[in-house]
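The figures that follow rest on heavy atoms only: side chains count, while hydrogens, waters and symmetry mates do not.
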2 protein chains.
Amino acid sequence: MCEEVVGVSAISFANRGIERRVTTPFNAPSDTCIACGACAYVCPTGAISIEDIKGRQVLHQELYLGPTTAIRVPFMQAIPNVPFIDKDACIHFKTENCKLCEKACEPQAINHEMTDEYEEIDVGAAILTTGFELFDCSRIPRYGYGRFDNVLTSLEFEHLCHASGPTGGKVLLQDGNKPESLAILHCVGSRDKNYKSYCSRVCCMYAMKFAHLVHEKTDAHIYEFYIDLRAFGKGYEEFYNRMQGEGVNFIRGRGAEVTDVALTPEEEGKLIIRCEDTLIGMVRRIPVDMVVLCPAMVARKDAEAVGKLFGVTLSQDGFFREQHPKLGPVSTDADGVFIAGACQSPKDIPDTVAQGAGAAGAVLSLGDYVTIEPIKSVIDEALCAGCKICISVCPYDAISYNQDKKISQIEEVLCKGCGACVAACSSGAANQQSFKDVQIYAEIEGALV
Amino acid sequence: MCEEVVGVSAISFANRGIERRVTTPFNAPSDTCIACGACAYVCPTGAISIEDIKGRQVLHQELYLGPTTAIRVPFMQAIPNVPFIDKDACIHFKTENCKLCEKACEPQAINHEMTDEYEEIDVGAAILTTGFELFDCSRIPRYGYGRFDNVLTSLEFEHLCHASGPTGGKVLLQDGNKPESLAILHCVGSRDKNYKSYCSRVCCMYAMKFAHLVHEKTDAHIYEFYIDLRAFGKGYEEFYNRMQGEGVNFIRGRGAEVTDVALTPEEEGKLIIRCEDTLIGMVRRIPVDMVVLCPAMVARKDAEAVGKLFGVTLSQDGFFREQHPKLGPVSTDADGVFIAGACQSPKDIPDTVAQGAGAAGAVLSLGDYVTIEPIKSVIDEALCAGCKICISVCPYDAISYNQDKKISQIEEVLCKGCGACVAACSSGAANQQSFKDVQIYAEIEGALV
């Protein structure tokens, strides 16, 4: 197998007689072996085993530690729901052999010669729906994420509850036992001046959904640690009432710490949540088996680069800035560029769907004309020194350099009249129409006299 | 004036010499007088006065107690922002005279002969945006609305703060003084099993806006009584932080009562809010000068009738039911009928604008075809007794009565397969395709065996 299919000669026979074994040369870890596992997979006697290098049981995190196969669907419920070949894991891309999958695929859908292609498409409008990232919980060390096996993020817990997840939908601890108690910590990294000061909007509701799932699947005691229970949408408050009826313990107070240092015999072997229960005004220690953290939804790392590409600026929280917080929640300052979903700010599915439909509607109702800003910048050709500073500060790519005249020029259709170039122009060549310095001074004088 | 213009002879001269006065016959309240006030308005000496029948100073409520003129814009910021003639108040519609406004209007825009017209318009789709009503705060007598002058609803307070409002935007008590302290009570009728169990979603934020306005306009101490502070949207939490910085007192606890019964000298002449401050676990009494109630947003009284007209059902909370709470927030079960805004559930301006754009987008992307439900009802002509019960229960007007055959018939394009007719049919003639009784029994048997 190793030689014929994979194209590597990493295993062979060693010893003689009844001692004869299949193993790597000299029974030592092999440099040639690519740890593909094919030999262990085809061996009918189970004589070959692949040693787990870390030696750690990876019950929950296996979805994250690496691919189980080189051909896979990128993630559950991916759209389009088709598999791709992970070039880093595929034997063929390491040894140029194998291609077993090609032989197995009846409709001959596998082609190892395909390469990624970049296509240029002319469009009249674009909707940015780049979504969000999750706050990295290990940035708050006191919650023990990454240190304690049974501290999970909400997305990991969602995988765990999923019928096609690593435990087939059962809520299990790393040791395979059912938890007797479980804590859900809201606002991890959200509503926290040290990390993200905004509210992530969706956590309260999915945290209660988790409580409901755990209640359904186990007999565990469930604790929700919250600051404000933000059940604001249609039917949400009703669900909150239902969860209180199901016996979920709602503790008003941000979890302060997750620790395994037991102070009493009951706390032995447990994770202890330390928190201030603000409704009784006491610091409490609550021992649980499993902790689910609800991390903040944060803007994607590439938001600034993508924004720059499309002429969309960012809000203070790092998400894309809408044209108007109340009246233009799907438009941006860039004509023809719209935003929808969590790339604008954290939001749940109903609000995302509504906003997405809104962005689509905005595109569909675009006329075959462009609305031009009445107040825009003008550059006095006689004064412009051609230093190009204005070009670098313009967020709308509205200024270009005229090589012949050696000056900067404004494309009136693109200019939004933000005034960045006016402030940056050191020679006073850039001015805003109707807002020239002399006009503003006159206004101030008029107001003061 | 009374005779020439208004066309009524309600006033005349009485007495003689220096006792001679203009008054009603025998100086008694006149049956002919229509209390138009024209005589008092034109009298240059102020000798004629209209007595306020109630004799109560109406500083705040004047906007609600009645029109100040018979021609007016229906409410501030109305769209379209044009005046209309209130036929109940207009002198012309009482006496067939007057028409002074016609003479005064230079562009001759006034026409007393115009009548309301009903127009029939053929449309391919409809978006219901009928909005909401406010919960009637007088239904909760312990808050004293309607009993204490200085207990206002949020909408009344909004009017009060408005630059074109009765006080020119000043925050004043009924006696014209500035309040030294002010309480804002969240969740009046919301999150309350006795009234509306849902959350009205917008109150937390506008209550904080009020606090900000009061802070800006007065030196009053401000108290916000809340259960959970639901600052969930983009920039909302930041605003909450800012309000805490402005010194607003946030008290976690629903206001229990507003009373004027003073127990201490400091409470004399004040309105006292009694509440449980859940964060210190104590019942408190906080004396204030003014109380603003944040009433629940409730479904319009005509929601059921309008829904019936368009084939849109209502959710348990009385608002229009969307097709799917997550995936279809702007569609309804009725093809071509969409909903947006607070008629679907309470929501704030950004979410309403996004949903409105979404509904518009859904209309714009309608194809020239109709999607038919795969599971629909069928009526067995041989079994149908023609009792018409199915017609009365069908929420989609999909069943009609065939006079010739004396049976009910289903319009397949309209039927949504809800099964209401199947449950109601006493002769067993109505059945759901693929869900006939015998099929369901077989399924149950299969599941149980």
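- Between the side chain of A:Glu133 and the backbone N or O of A:Lys301 there is at least one donor-acceptor pair closer than 3.5 Å.
- If you measure heavy-atom distances from A:Asp277 to chain B, you find no contacts under 4.5 Å at all.
- Checked against salt bridge (Lys or Arg N to Asp or Glu O under 4.0 Å), A:Glu224 has no partners two or more places apart in sequence or in another chain.
- Highest contact tally toward chain B, considering only A:Arg252, A:Gln355, A:Glu238, is held by A:Arg252 [criterion: heavy-atom pairs under 4.5 Å].
- Closest heavy-atom contact between A:Thr313 and A:Pro395: CG2-CB, 4.1 Å.
- The two residues B:Ala231 and A:Arg230 have their closest heavy-atom pair at O-NH1, 2.8 Å.
- Contact tally against chain A (heavy-atom pairs below 4.5 Å) for B:Gly235, B:Ala360, B:Gly356, B:Ser345: the top residue is B:Ser345.
- Within the 4.5 angstrom heavy-atom criterion, no atom of B:Gln316 approaches chain A.
- Considering only heavy-atom pairs separated by less than 4.5 Å from chain B, the leading option among A:Glu322, A:Lys347, A:Glu237 is A:Glu237.
- Under the 3.5 Å distance criterion, with hydrogens and angles disregarded, a donor-acceptor pair is assigned to the side chains of B:Tyr236 and B:Asp348.
- Closest non-hydrogen pair, B:His324 versus B:Leu327, comes out as ND1-N, 2.8 Å.
- Note: A:His212 and A:Phe239 have perpendicular aromatic rings, judged against thresholds of 30 and 60 degrees for the angle between ring planes.
- Counting heavy-atom pairs closer than 4.5 Å to chain A, the top-ranked of the candidates B:Ile227, B:Ile349, B:Leu229 is B:Leu229.
- Taking 4.5 Å as the heavy-atom cut-off, the residues of residues 193-202 of chain B that approach chain A are B:Lys193, B:Ser197, B:Tyr198, B:Cys199, B:Arg201, ordered by number.
- Residues A:Ala125 and A:Leu366 come closest through the heavy atom pair CB-CD1, 3.8 Å.
- Annotation: residues 328-341 of chain A contacts chain B through A:Pro329 [non-hydrogen atoms, separation under 4.5 Å].
- The heavy-atom pair separating B:Ile184 from B:Cys294 by the smallest distance is CG2-SG, 3.8 Å.
- Interatomic distance, NE2 of A:His186 versus CZ of A:Arg191, reported as 11.5 Å (0.5 Å rounding).
- Shortest non-hydrogen contact noted between B:Ser154 and B:Tyr206 is OG-OH, 2.9 Å.
- At a 4.5 Å heavy-atom cutoff, B:Ala362 makes no contact with chain A through either its backbone or its side chain.
- Between A:Phe210 and A:Val292, some side-chain heavy-atom pair lies under the 4.5 Å cut-off.
- Under the side-chain hydrogen bond (donor to acceptor under 3.5 Å, both in side chains) criterion, A:Glu304 pairs with no residue at all, not counting sequence neighbours.
- With chain A as partner, the option from B:Pro350, B:Ser190, B:Gly361, B:Gly233 having the largest number of non-hydrogen pairs under 4.5 angstrom is B:Pro350.
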